[in-house]
Number of protein chains: 2
Amino acid sequence: MKQPISTTDPAAEEIKSLILDKAVDRFIRYGFGKTTMVEIAKDCGMSAGNLYRYFESKFEIGVGVAQIYISKAEQILRDVLKRPGLSPTQRLEAFVLEKLRYMHHHIIEQPNVQDLVDYILEDRWDLVERHRDVQNSLMSEILSDGNRTGEFNVSDVVHTANAIYAMTTKFRLPHFIKNVTLEGLEQEAKAVVDLMLHGLKG
Amino acid sequence: MKQPISTTDPAAEEIKSLILDKAVDRFIRYGFGKTTMVEIAKDCGMSAGNLYRYFESKFEIGVGVAQIYISKAEQILRDVLKRPGLSPTQRLEAFVLEKLRYMHHHIIEQPNVQDLVDYILEDRWDLVERHRDVQNSLMSEILSDGNRTGEFNVSDVVHTANAIYAMTTKFRLPHFIKNVTLEGLEQEAKAVVDLMLHGLKG
DNA sequence: ATATTGAATAATAAATGAAATATTTATTTT
DNA sequence: AAAATAAATATTTCATTTATTATTCAATAT
């Protein structure tokens with residue numbers, strides 16, 4: 001088993017980006033399974049064999065594409081934290097809704113990519129965990145901020161961020177997002193956020 | 001297409017029960033796919049063709065078995081509502097935890113039946129919806145009771161029961177229950193229940 | 001007449017082999 | 001030497017056949 005070339009070489013990094021760009025175009029149009037290494041290579045103006053100097057396998061190209069989509073989602077969520085003029089409460093709701101909208105958009109508009117990401121994440125639970133950790137870390141910031149302003153009263157922000165993540169699981173699962181309207185889902189998500197804010201006793 | 005005999009005939013009802021009993025034994029041991037109609041018929045002391053006087057198809061036998069398992073779950077949850085000496089808060093937590101334990105038990109101890117139920121429910125969304133409605137109706141009773149005692153302050157019990165159902169989705173999904181310990185799941189479920197009780201502002 | 005059977009048919013799943021594709025390696029180019 | 005190719009090999013996929021199983025139905029028993 002031959003290893004790809006060093007990832008620290010800056011020129012190689014550009015070629016890897018090119019490959020991911022061309023691959024993603026194919027994956028969007030035809031899906032991961034229907035895209036061949038020869039096609040990706042041709043789009044990049046190189047031979048199929050040469051792809052293996054940059055990626056260990058077709059699967060690893062898929063991993064690269066999935067990581068791009070995960071990174072985009074994380075960027076959107078980071079932007080929610082930077083959005084000016086929102087109270088912690090509003091920020092928390094926006095956080096949940098933006099993730100829901102991102103998922104819904106890709107499931108509806110780019111089902112092939114969504115299928116690819118799901119397929120990759122089946123074998124790469126570590127990426128799911130890392131993405132969860134990033135989200136929980138961002139959520140912890142929102143909770144800490146709420147504590148600061150007095151809006152929240154959360155004793156263990158990390159523990160609570162985890163509980164919120166569990167509570168909002170449904171709004172990250174393609175199975176529950178397909179075949180229903182975004183509007184209906186948003187209403188349901190808002191109800192969940194409202195309940196987690198005020199509690200049954202409030 | 002020949003229809004099965006009338007379901008109001010009491011003798012026929014007993015035979016249908018026998019068929020479901022024998023079928024479930026096979027499904028538990030060998031799974032739905034590996035069980036043949038001839039085997040079920042032999043266990044019942046009849047011919048395969050005769051099964052069709054009682055069930056339209058093998059799939060409908062599966063539906064019958066799935067309904068039994070769903071009914072059992074609902075009975076367990078009804079029992080939680082009758083359990084004496086519990087506060088509404090404790091009842092709510094017990095409700096969520098009992099469903100989780102029932103799911104976990106079947107996923108771990110009887111994976112073949114769990115697979116069958118999942119397979120049937122894929123094509124019978126109506127059964128999922130009915131089961132959800134039953135659970136939400138029971139949860140509404142718990143919430144109303146909490147309002148009565150002053151423990152809860154829920155303005156729209158049905159709406160809130162729906163939100164609780166959404167919040168606890170994760171604890172009903174085989175995908176999230178496999179490969180983790182029941183103890184860990186229970187802790188997570190308790191954290192979710194605690195958060196939905198007190199809210200972030202409490 | 002009703003219930004049941006067992007053979008006949010239809011549908012499904014498993015097995016096979018051929019074609020396509022991923023991956024490796026020997027060779028050529030830069 | 002490093003980079004890339006193109007041919008060689010190993011896997012996987014896909015269509016086709018074969019076998020199994022579900023379902024129907026004409027015949028038989030109750």
Side-chain angles (χ1 to χ4, degrees), chain A residues 1-20 22-24 26-27 29-66 112 115-116 119-120 122-123, chain B residues 1-20 22-24 26-27 29-66 112 115-116 119-120 122-123:
Chain A
M1 163 141 356
K2 194 165 50 182
Q3 293 298 314
I5 63 179
S6 165
T7 174
T8 51
D9 180 341
E13 277 306 296
E14 284 202 12
I15 296 177
K16 288 177 79 168
S17 281
L18 170 70
I19 292 170
L20 290 179
K22 297 302 186 183
V24 95
R26 289 270 174 191
F27 294 162
R29 278 182 75 83
Y30 308 108
F32 184 73
K34 295 287 185 195
T35 298
T36 71
M37 292 297 269
V38 170
E39 287 168 343
I40 297 171
K42 199 169 284 179
D43 290 348
C44 296
M46 62 175 65
S47 66
N50 202 38
L51 289 173
Y52 290 85
R53 290 179 33 78
Y54 301 95
F55 290 94
E56 271 191 12
S57 63
K58 184 183 177 185
F59 186 86
E60 287 303 320
I61 295 180
V63 170
V65 170
N112 282 332
D115 289 347
L116 162 64
Y119 169 68
I120 297 294
E122 247 171 55
D123 273 352
Chain B
M1 160 139 357
K2 194 162 49 182
Q3 292 299 314
I5 63 178
S6 165
T7 174
T8 51
D9 181 342
E13 278 304 296
E14 285 202 11
I15 297 177
K16 287 178 80 167
S17 281
L18 170 70
I19 293 169
L20 289 179
K22 297 302 186 184
V24 95
R26 288 272 172 188
F27 294 162
R29 277 183 77 81
Y30 308 107
F32 184 73
K34 294 288 184 194
T35 297
T36 70
M37 291 297 269
V38 170
E39 287 168 342
I40 297 171
K42 200 170 282 177
D43 291 347
C44 296
M46 62 173 68
S47 67
N50 202 37
L51 289 173
Y52 290 83
R53 290 180 36 77
Y54 301 95
F55 290 94
E56 271 191 11
S57 64
K58 184 183 178 187
F59 186 86
E60 287 303 318
I61 295 178
V63 171
V65 171
N112 282 332
D115 289 347
L116 161 64
Y119 168 68
I120 297 294
E122 246 171 55
D123 273 352

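In the text below, chain A, chain B and the rest are named by the order of the sequence lines, each starting its count at 1.
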Over 12 non-hydrogen atoms of neighbours within 6.0 angstrom of NZ in B:Lys22: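 12 or below, so no.
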Contacting residues from residues 31-38 of chain B, given that a heavy atom lies under 4.0 angstrom of DNA chain D: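 Within this stretch, B:Thr35, B:Thr36, B:Met37 sit under 4.0 Å of the strand.
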Under 3.5 Å donor-acceptor, A:Lys34 side chain and A:Arg29 backbone: no
Please report, rounded to the nearest Å, how far the [atom2] atom of [N] is from the [atom1] atom of [X].
| X | N | atom1 | atom2 | answer |
| --- | --- | --- | --- | --- |
| A:Met46 | C:dT30 | CE | P | 16 Å |
| B:Phe59 | C:dA10 | CZ | P | 24 Å |
| B:Phe55 | D:dT23 | CZ | P | 13 Å |
| A:Lys42 | C:dT21 | NZ | P | 11 Å |
| A:Ile19 | C:dA22 | CD1 | P | 14 Å |
| A:Arg53 | C:dT23 | CZ | P | 17 Å |
| B:Tyr52 | C:dT2 | OH | P | 23 Å |
| A:Leu51 | C:dT23 | CG | P | 10 Å |

Most 5' of A:Ala48 and B:Lys58 on DNA chain D, judged by nearest nucleotide: A:Ala48
Side-chain donor-acceptor contacts of residues 37-45 of chain A below 3.5 Å, not counting sequence neighbours, with atom names and distances?
from: A:Glu39; atom 1: OE1; to: A:Thr36; atom 2: N; distance (Å): 3.0
from: A:Asp43; atom 1: OD1; to: A:Arg26; atom 2: NH2; distance (Å): 3.2
from: A:Asp43; atom 1: OD2; to: A:Arg26; atom 2: NE; distance (Å): 2.7
from: A:Asp43; atom 1: OD2; to: A:Arg26; atom 2: NH2; distance (Å): 3.4

Whether B:Tyr119 and B:Phe59 hold their rings parallel, tilted or perpendicular, with breakpoints at 30° and 60°: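 Answer is perpendicular, since the angle exceeds 60°.
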4.5 Å side-chain heavy-atom contact, A:Met46 and A:Ile15: yes
Heavy-atom side-chain proximity of A:Thr35 to A:Tyr30 below 4.5 angstrom: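 Side chain of A:Thr35 against side chain of A:Tyr30, heavy atoms only: contact under 4.5 Å found.
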Partners meeting ring pair (Phe, Tyr, Trp, His ring centres under 6.0 Å) with A:Phe55 (sequence neighbours left out): none
side-chain N/O A:Tyr54 vs C:dT23 OP1/OP2, d < 4.0 Å: no
Among C:dT5, C:dA22, D:dA4, the nucleotide that comes nearest once only the side chain of A:Asn50 is considered: D:dA4
